[in-house]
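One structure is given here, and the rest of the page talks about it.
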Amino acid sequence: MLVDSHCHLDRLKAAPDEASLNAVLTDAAALGISHFLCVNVRLQEFEAMQQRMQPYNNVFLSAGVHPLDVENGVSADDLRRFAANERVVAIGETGLDYFYSPDNKREQQQCFETQVEVAVDINKPLIIHTRDARQDTLDILKAGHAEKCGGVLHCFTESLEMAQAAIEMGFYISISGIVTFRNADALREVVKQLPKERLLVETDSPFLAPIPHRGKENQPAFVKDVAQFIADLRGESLEELASYTTANFFNCFKGAAKLR
Ligand SMILES: [Zn+2]
Ligand SMILES: [Zn+2]
């Protein structure tokens, strides 16, 4: 049994309607992928996403504003209202991306700070997107006492030191298909050293299809390829990695464990 801990099911070109979304989720289930966390990136899109995912008991949701979508800021009231839904098991994805967007750091920081505050207040874990912003990400998490709600650094591509600093604050580290990419040697070294009890796997679909699916649209079923690659890299069996990453998912996202 595997969990895709981070996917954008409402953005799959392969799943524009209910029948095709059923097919995508059935394909994944046939490979042993039992649960999915469908991650929100804009609050304006939350209600449509929630409606589309309503039929699926094994799809959990988040609510939040992505650091590359901060042009409208974040309404803390809307966030709290959406997050009150029991299927919403996390706040995010939020964080900082100075790689793709170095010119609006202050807006990203403000948006991130607000979401940390709400997450701590309502005690739901954070889904963090962080790229080329290591110190500022950790500083904002620390200043906001994010250790109280915990969460995950998703699609992790940063240093082992950053992973360790986040782990000390109670966070998990989620690895995507980037780990399979040819130029990802540094990330592979990090992944070898991450502690079992803090590792999650994800697709971040529809983006970042892993090898051997490069060039195709990513989909949740491919989390099995990510997991197999990481298991091989760490000298573990797929079954072992699947078992502990699934347990970690439900430890991290306690709201999902309640609905399981
Ligand atoms: Zn992200
Ligand atoms: Zn994402």
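All residue numbers refer to positions in the sequence shown, counting from 1. Atoms within each ligand, like the ligands themselves, are counted from 1 in listed order.
Across Lys192 and Arg234, no two heavy atoms sit closer than the pair O-NH1, 3.8 Å.
Closest to the Zn ion (ligand 2) among the N, O or S atoms of His8 is NE2.
Rounded to the nearest 0.5 Å, atoms CG (Asp204) and CG (Asp4) are 8.5 Å apart.
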Practice problem: Show your working on side chain to side chain contact (heavy atoms under 4.5 Å, CB included) between Gln219 and Thr203 and close with a plain yes or no. | Solution: CA-CA 7 Å; Gln219 55 169 288; Thr203 58; over 6 Å; no
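Applying the ring pair (Phe, Tyr, Trp, His ring centres under 6.0 Å) test to residues at least two apart or on different chains, the pairs with a partner in residues 239-260 are His35-Phe250, Phe249-Phe253.
Between Ile173 and Leu200 the shortest side-chain heavy-atom distance does not fall below 4.5 Å.
Seen from the ring of Phe60, Arg260 does not count as a face-on cation partner, given the 6.0 Å and 45° thresholds.
Within the sub-2.8 Å shell of the Zn ion (ligand 1), the protein contributes these N/O/S atoms: Glu93 OE1, His129 ND1, His154 NE2.
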